[in-house]
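In this text the structure is predicted, and so the values were computed from the model without any measurement. One-based numbering, in listed order, for ligands and for the atoms of each.
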Amino acid sequence: MNIALIGSGGREHSLCVKLKESKQINQIFCIPGNPGTANIAQNLKIDFLNFNSLLANLKYHKVKLVIVGPEEPLVKGIVNFLEKNKIKVFGPTKFAAKLEGSKAFMKSICKENNIPTAKFKICKNITDLKKSMKNFTLPVVVKADGLAAGKGVFICKTKNKILKISNEIFNGKFKSSKKVVLEEFLIGDEASYFLAVDKKGFVPLGTAQDHKKVYEKEKGPNTGGMGAYSPAPIINRSLEKKIINKIVKPTLNALKKKREYFRGFLYVGLMIKDNEPYLIEYNVRMGDPECQVIMPRLKTDLFKIINYCLKDKLKNLRISWKKYKCMTIVLCSKGYPGKYKNHKIIKLNKIRKKKNLFIIHAGTKKQNNKILSAGGRVLNVVVTGQNFFNIRKNILSVLQKINWQDGFYRKDIGWRVINKR
Ligand code: AMP
Ligand code: GLY
């Protein structure tokens, strides 16, 4: 069968590596893919947000199934569009994608169904916000309602900051957001829980911890993610049960009550406090870079999981895992998440192939046989092994060999699990 994978980041390269293992797949088309996916699949330079042109290309290449990596096409209804045009697609519908696409929608589901989450208020205008502000103690989390590529969340320590940021959001800083969500600031440990979900059930797809802050010791502004590891030991059995019973099941039931359903990857972003989970956010896709540390640990054929999901048979599937752990450190362009320069050469020729090492491309492009940077998060060095201390040592030695003068990376990824040794 010919399949297509939508997206161009590290997440999509790592999904592609995993899908490549499946014997049932004839050819993988990556739309648009990156230089990493070009080595193992065929990249097609198509704007996937132009659904009509996408459809014409899928038909031309006889693609029978589409797997969607990023959130934007999902929130814009790619699943509804392709299904209407008789192409199978793995991902949630436009309605279900609102779990990520609208923080106000997600929070309302929480409120209506008693799902543990930070106390919140959805504000439609500045008068509304000024009134609501009084019911929160500082710091307050201010969020743009719609998609903002990880840039729409602000932790505000003063009332002036709350007003400034909210005004910017109301004035259209994030095009997709007309509302502001005010939230209580939760203190605890962040962790992520992943599932594949269909109309009738779900299977857990592991745990991970990301590092969102740009600098070591969790300092500086938020990024898309500077590094991650899996599994996340903080999510123990009893916590997992609570996540499923108090958060996942009530959410899926809430969609059913609305005569809707969820199908695809579901990413549950959590704050853990005293062994209790609080929902911070839903993402309706795999995490990036979390996907890069989960895929290498997955023993079950990913394509099999996707097919069970599309037939609503996930309930009958048992997932198995490899025995090792996995970590990634993200190599970024200097200046990220602020301004940075592209088109800087990265040399990978000193890196020797190893079974436990994956060089996953994210923001790169190939020109005249050279790899150039083309984004803030450029490469993921992914290593598997028995303990996080040695894994990190291996990753850092690979990064030293790459020795990219125009980039930087965090050396303390995994501190929560390594310092406790
Ligand atoms: P979100 O896009 O909602 O996941 O927010 C991005 C990041 O902001 C999260 O990963 C947290 O680190 C932080 N954050 C969001 N909401 C809260 C909250 N209510 N309390 C504390 N930190 C938060
Ligand atoms: N790493 C965070 C995310 O994928 O949203």
Within ligand 2, which atoms have a heavy atom of [X] less than 4.0 Å away?
X: G224; answer: 1 (N), 2 (C)
X: N283; answer: 5 (O)
X: D210; answer: 1 (N), 2 (C)
X: E290; answer: 1 (N), 2 (C), 4 (O)
X: K212; answer: 2 (C)
X: Y267; answer: 2 (C), 3 (C), 4 (O)

Is there a nitrogen or oxygen of L186 sitting under 3.5 Å from a nitrogen or oxygen of ligand 1?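 N/O-N/O distance under 3.5 Å: yes.
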Ignoring hydrogens and geometry beyond distance, is a side-chain donor-acceptor pair present between [X] and [Y] at under 3.5 Å?
X: S22; Y: D301; answer: yes
X: E190; Y: Q209; answer: no
X: K213; Y: N222; answer: yes
X: R297; Y: S230; answer: yes
X: N34; Y: T364; answer: no

[X] neighbourhood, listing ligand 1 atoms whose heavy-atom distance to it stays under 4.0 Å:
X: I280; value: 3 (O), 4 (O), 15 (C), 16 (N)
X: K212; value: 10 (O)
X: K103; value: 1 (P), 2 (O), 3 (O)
X: A118; value: 19 (N)
X: E184; value: 18 (C), 19 (N), 20 (N)
X: M271; value: 21 (C), 22 (N)
X: F185; value: 20 (N), 21 (C), 22 (N)

Any N or O on E281 sitting closer than 3.5 Å to an N or O of ligand 2?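 No, since none of the N or O atoms of E281 sits under 3.5 Å from an N or O of ligand 2.
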Which residue and heavy atom of the protein sit nearest [atom], plus the separation:
atom: atom 16 (N) of ligand 1; value: K143 NZ, 3.0 Å
atom: atom 5 (O) of ligand 2; value: R285 NH2, 2.9 Å
atom: atom 5 (O) of ligand 1; value: V153 CG2, 3.4 Å

Without swapping roles, check the side chain of E100 against the backbone of A97 for a donor-acceptor pair under 3.5 Å.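 Such a contact is absent between E100 side chain and A97 backbone.
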Looking at ligand 2, is there an atom of it that comes within less than 4.0 Å of some heavy atom belonging to [X]?
X: P289; result: yes
X: G287; result: yes
X: M286; result: no

With a 4.5 Å heavy-atom cut-off, do [X] and [Y] have their side chains touching?
X: L15; Y: R11; result: yes
X: C30; Y: C16; result: yes
X: W415; Y: H211; result: yes

Give a yes/no verdict on a cation-pi contact between K258 and F95, requiring under 6.0 Å between NZ or CZ and the six-membered ring centre and an angle within 45° of the axis.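 Judged by the rule, K258 and F95 form no cation-pi pair.
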Check whether Y261 forms a cation-pi arrangement with K199 (NZ or CZ under 6.0 Å from the six-membered ring centre, at most 45° off the ring normal).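 Verdict for Y261: a cation-pi partner in K199.
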Of the listed options E218, K119, E281, E190, closest to atom 10 (O) of ligand 1 (non-hydrogen atoms):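 Shortest heavy-atom distance from atom 10 (O) of ligand 1: E190.
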Taking the six-membered ring for Trp and the full ring for Phe, Tyr or His, determine whether the centres of F262 and F202 are under 6.0 Å apart.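 No: the rings miss the under 6.0 Å criterion.
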Pair Y282 + Y267: ring centers closer than 6.0 Å: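 Judged by ring-centre distance (under 6.0 Å), Y282 and Y267 do not meet the cut-off.
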With heavy atoms only and a cut-off of under 4.0 Å, state how N222 meets ligand 1: side chain, backbone, both or neither.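 It is the side chain that touches ligand 1; the backbone stays farther off.
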Looking at K103 and A144, what are the two nearest heavy atoms and their distance?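 That closest heavy-atom pairing would be CD-O, 3.7 Å.
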